[in-house]
**Q** 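First the structure, then my questions, so here it is.
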Amino acid sequence: MMSDYESLRRQVEEYMIAAEEFVRQGEMHRAYWEFEKAYAVIEKEGTTEQILTLWEHAAAGFTSAEAPLQAAHSHLHIARIHDAAERIAEARDSFLAAANAFASVRNKDREIWLIIANALEQAIEHTITLDNASMAIELLFKCAAVHQKETGYTTDAINCLERAQLLLNQVPNHPREEDIKELLQFLVERSS
């Protein structure tokens with residue numbers, strides 16, 4: 001008689017084979033759905049590390065298949081797993097990978113821009129926790145630009161720039177210093 005673990009392993013394997021087949025056929029949405037099904041099975045019975053491996057496999061596969069939307073969603077899963085395990089640097093890197101993958105989606109709607117901004121905000125929090133003020137300033141500027149140009153959330157853009165300005169005290173002569181000052185001034189004037 002087959003053990004529960006063995007039948008579980010077989011089921012996950014079948015979903016993975018189906019996912020790879022859909023990737024070969026260029027049906028990325030269906031491939032992603034197969035990963036979601038495998039995830040549901042592992043989540044019930046498996047370990048966090050098995051779930052992490054599943055999504056890392058998915059992210060790598062979708063990235064090499066040039067399917068940025070599915071790669072981005074896979075990176076978000078990875079980021080949340082690292083977040084829950086309090087692996088701050090890994091979580092930050094995964095949120096950044098997700099933001100970058102979403103940014104390379106061809107036809108981005110407002111919802112995708114909001115997800116990009118959210119992933120950047122998560123990465124910013126982790127970067128600040130890791131005491132990397134220079135990188136945090138860069139990411140805050142990037143996030144402000146996304147809000148200004150794409151989401152229309154001027155207040156959020158201003159907040160990002162004001163936070164970046166506070167961090168500039170820790171990093172004298174940061175290359176973004178002038179850009180931050182100019183964009184902040186422009187947004188404040190426009191919104192008053």
**Q** Can you confirm if the aromatic rings of Y39 and Y15 lie within a centre distance of less than 6.0 Å?
**A**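 Centroid separation for Y15 and Y39: 6.0 Å or greater.
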**Q** Would you check, one step at a time, whether the test salt bridge (charged side-chain N to carboxylate O under 4.0 Å, His left out) holds for E125 with R163?
**A** CA-CA 11 Å; E125 293 314 314; R163 287 181 73 191; 2.9 Å; yes
**Q** Show the nearest heavy-atom pair for residues A71 and T63, with the distance to one decimal.
**A** CB-OG1, 3.6 Å
**Q** Which heavy atom of T151 sits nearest a heavy atom of H147, and at what distance?
**A** OG1-ND1, 2.8 Å
**Q** Do L187 and L183 have side chains that approach each other closer than 4.5 Å (heavy atoms only, starting at C-beta)?
**A** yes
**Q** Provide the closest heavy-atom pair for S134 versus H174 in the form atom of the first, atom of the second, distance.
**A**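 Distance-wise, the nearest heavy atoms are O-NE2, 3.1 Å.
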**Q** Would R9 and E13 pass as an ion pair if we require N to O under 4.0 Å?
**A**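 Yes, R9 and E13 are salt-bridged.
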**Q** Rounded to the nearest 0.5 Å, what separation is found between the NZ atom of K181 and the CG atom of L168?
**A** 10.5 Å
**Q** For salt bridge (charged side-chain N to carboxylate O under 4.0 Å, His left out), just list the numbers for R176 and D179, CA-CA rounded to whole Å, side-chain angles, deciding distance to a tenth of an Å, and then say yes or no.
**A** CA-CA 5 Å; R176 284 284 182 207; D179 299 338; 3.0 Å; yes
**Q** I'd like to check the ring-ring contact (aromatic ring centres under 6.0 Å, His included) partners of H126; sequence neighbours left out, ordered by chain and number.
**A**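 By the ring-ring contact (aromatic ring centres under 6.0 Å, His included) rule, H126 matches F95.
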**Q** May I ask you to check whether Q70 and H75 show a side-chain donor-acceptor distance below 3.5 Å?
**A** no
**Q** Go through F22 and Y32 one step at a time and tell me if the ring pair (Phe, Tyr, Trp, His ring centres under 6.0 Å) criterion holds.
**A** CA-CA 9 Å; F22 284 130; Y32 184 79; over 10 Å; no
**Q** When you measure from the side chain of K108 to the backbone of A103, do you find a donor-acceptor pair of N or O atoms at a distance under 3.5 Å?
**A** yes
**Q** Identify whether F62 and L69 are in the same connected component of the hydrophobic contact network (ILVMFWY, side-chain heavy atoms under 4.5 Å).
**A**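 No, separate clusters.
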**Q** Roughly how far, to the nearest 0.5 Å, is the CD1 atom of I124 from the OG1 atom of T129?
**A** 11.5 Å
**Q** Taking all non-hydrogen atoms of both residues into account, name the closest pair between I137 and A164 and its distance.
**A** CG1-O, 3.9 Å
**Q** Have a look at H82 and tell me which of E90, R87, H77 forms a side chain to side chain donor-acceptor pair (under 3.5 Å) with it.
**A**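 Considering E90, R87, H77, a side chain to side chain donor-acceptor pair (under 3.5 Å) with H82 is found only for R87.
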**Q** When hydrophobic residues are tied together by side-chain contacts of less than 4.5 Å, even through go-betweens, does W33 share a cluster with V41?
**A** no
**Q** Group every Ile, Leu, Val, Met, Phe, Trp and Tyr by side-chain heavy-atom contacts under 4.5 Å, then state whether I42 and L8 land in the same group.
**A** yes
**Q** Decide yes or no for T154 and Q148: does some side-chain heavy atom of the first lie under 4.5 Å from some side-chain heavy atom of the second?
**A** no
**Q** Over all heavy atoms of both residues, which pair between A99 and I116 is shortest? Give the atoms and the distance, please.
**A**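 Closest approach of A99 to I116: O-CG1, 4.1 Å.
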**Q** Would you kindly say whether E20 and H57 are connected by a side-chain donor-acceptor distance under 3.5 Å?
**A** yes
**Q** Taking CD in E86 as the centre, count heavy atoms belonging to other residues, nucleotides or ligands within less than 6.0 Å. Is the count above 12?
**A**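 Counting neighbours around CD of E86, 12 or fewer heavy atoms of other residues, nucleotides or ligands fall under 6.0 Å, so no.
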**Q** Taking the side chain as every heavy atom from C-beta outward, state whether M135 and R92 have any atom pair closer than 4.5 Å.
**A**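 Yes; the side chains approach each other to less than 4.5 Å.
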**Q** Should Y153 and L114 count as side-chain neighbours, where that means a heavy-atom distance under 4.5 Å?
**A**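 Yes, close enough: below the 4.5 Å cut-off.
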**Q** Any chance you could lay out the salt bridge (charged side-chain N to carboxylate O under 4.0 Å, His left out) test for R110 and E150, step after step, and finish with the verdict?
**A** CA-CA 7 Å; R110 188 161 185 271; E150 308 297 344; over 6 Å; no
**Q** Please tell me if the side chains of T155 and S191 come closer than 4.5 Å, counting only heavy atoms from C-beta onward.
**A**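 No, too far: nothing below the 4.5 Å cut-off.
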